[in-house]
Amino acid sequence: MSRLRWILPAIVLLLLPFYVDEFWLRTGFAICGAAVGAIGLNLLLGTTGQLSLAHSFFLAVGAIGYTYLAGSLGWSPVLAMVVAVGLAGFAGLMFSPLAARLRGIYLGVASLALVFGGQHVLNSWTSVTGGFNGRSVPDFAVFGFPFADTPRMVLLGVPFHEAERLWYLGLVLLVGAFLFARNLVRSRPGTALQAVRDSEIAASVMGVDVQRYKAGAFLVSSAFAGLSGVLYALSIGSVAPESFGLFVSIQYLAMVILGGLGSLGGAVLGAAFVTALPLVLQRYADELPLVTGAGGDGLAAGEAARYLYGLAIVLVVLFQPAGLAGLAHRFRFRSAHVRRGTPDEKTSLDPSGGDRGRALDDRHRVQQ
């Protein structure tokens, strides 16, 4: 049964390009890119307990690095992607000595320097970034196979244009990033990172090199952000330093909070919600109340989306601190009780039902 839980969604995702139009495929590709960055931030914030508002800077390094290396220097797109991700990780590693000495809100405020200072440097470095005008993003290709519309390709009677090809690219990279992060969290370094989050003093007493693991967390998180920046660049077709301001960092923070701190699957769900909402509202602006297209009298799609996921964050913090991942876990837990025919602590009529429900809850966690 557990295998079907993964196999069926995988089949649906693989067959999606045969049944949906270009808008949904491009939205899905944007979600894949954002989810990679959200997973990286969740490793830093949810697993290690390090608050960073500099995620947009690392996205900028990845996006602009890929655009310059693959475009201006003519490098292979795959090599340019790998080097751009490495540059973003290196930038995070350079920031880690400062991060190792700060924590909480103080680290968050210090990380703002990377956003504002980095944006100024990138805007001034016009030979690489193109300045305020930005640069066009070169098409992606793997071993000579282009992801642009040419050459024409038809599979099972369905023409595969750029959107269909990029969908599979984003899906593969997201699955790879998710599996890497999951294995990291379940490994000994992941346990050490969680120990650092819970108590740095206790972790150091147990032999954990706190500064080293904090540096490693920033390295991995920044590399994930760099890959997310590359996918973002491929999604929109052109990048400029102005596209990576503080608001982008806040959006990624919203993804992690909505999805659930410490949950990799929750990071994906939060990224899907925050990324898809403005795009869907814009597409159906004429059919929705209070939302209008460009130049209308009502709320613009992007503005309405900000109100909605801002409200969602407030509701999550107040009523569901575990986020969307917590809701999914609660649904699976109750479904398991229904299938087994066992009452939980809220529905048991036994006078000792509270203790019995807690025992069943503990047994269910052990089995999982």
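The figures that follow rest on heavy atoms only: side chains count, while hydrogens, waters and symmetry mates do not. This structure is a prediction, so every number in the text was calculated from the model and none was measured. In this chain, residues are counted from 1 in sequence order.
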(message) For the CZ atom of Phe116 and the CG atom of Leu246, what is their distance to the nearest 0.5 Å?
(response) 5.0 Å
(message) Evaluate Val208 against Glu200 for side-chain contact (heavy atoms from CB on, under 4.5 Å), listing each step before the verdict.
(response) CA-CA 9 Å; Val208 175; Glu200 293 185 12; over 6 Å; no
(message) Please check: side-chain N/O of Thr191 versus main-chain N/O of Ser187, any donor-acceptor pairing under 3.5 Å?
(response) yes
(request) Measure the CD-OG1 distance between Glu242 and Thr129 for me, rounded to the nearest 0.5 Å. (result) 10.0 Å
(message) Test of understanding: clusters of I, L, V, M, F, W, Y form through side-chain heavy atoms closer than 4.5 Å, transitively. Do Val20 and Leu171 belong to the same one?
(response) yes
(message) Within a 6.0 Å radius of atom OH on Tyr307, are there more than 12 heavy atoms belonging to other residues, nucleotides or ligands?
(response) no
(request) Kindly give the heavy-atom pair with the smallest separation between Ala70 and Pro77, and that separation in Å. (result) CB-CA, 4.4 Å
(message) Is it the case that the side chain of Ser111 and the backbone of Gly108 share a donor-acceptor pair, with hydrogens and angles ignored and the cut-off at 3.5 Å?
(response) yes
(request) Please confirm whether the backbone N or O of Gln119 pairs with a side-chain atom of Asn123, one donor and one acceptor, at under 3.5 Å? (result) yes
(message) So, taking the atom named CD in Gln251 and the one named CG in Leu41, what distance separates them when rounded to the nearest 0.5 Å?
(response) 12.5 Å
(message) Can you tell me how far apart CG (Leu45) and CG (Leu107) are? Round to the nearest 0.5 Å.
(response) 10.0 Å
(request) Can you establish whether the number of heavy atoms outside Tyr168 located under 6.0 Å from its atom OH is more than 12? (result) yes
(message) I'd like to know whether CZ of Phe247 has more than 12 heavy-atom contacts from other residues, nucleotides or ligands below 6.0 angstrom.
(response) yes
(message) Quick check: closest heavy atoms across Val36 and Ser228, and the distance to 0.1 Å?
(response) CG1-N, 4.2 Å
(message) Looking at Leu73, I want to see if its CG is surrounded by more than 12 non-hydrogen atoms of other residues, nucleotides or ligands under 6.0 Å.
(response) yes
(request) Check for a donor-acceptor pair, side chain of Ser221 on one end and backbone N or O of Gly40 on the other, with a separation under 3.5 Å. (result) yes
(request) Write down the atom of Ala217, the atom of Leu193, and the distance for their closest heavy-atom approach. (result) CB-CD2, 4.1 Å
(request) Please report the closest heavy-atom contact between Leu258 and Phe273, naming both atoms and the distance. (result) CD1-CD2, 3.7 Å
(message) If you take the centroid of each ring, where Trp contributes its six-membered ring, are Phe244 and Tyr232 closer together than 6.0 Å?
(response) yes
(message) How long is the straight-line distance from CD of Glu162 back to CD of Glu22, given to the nearest 0.5 Å?
(response) 8.0 Å
(request) Looking only at non-hydrogen atoms, find the nearest pair between Ala54 and Val115 and report the distance. (result) CA-CG2, 3.7 Å
(message) Working to the nearest 0.5 angstrom, can you tell me the gap between Leu44 CG and Phe224 CZ?
(response) 12.0 Å
(message) For a quick test of reading the model, state the closest non-hydrogen atom pair linking Leu13 to Trp167 and the distance between them.
(response) O-NE1, 3.0 Å
(message) Can you confirm whether Thr48 sits close enough to Leu43 that some side-chain heavy atom of one is under 4.5 Å from a side-chain heavy atom of the other?
(response) no
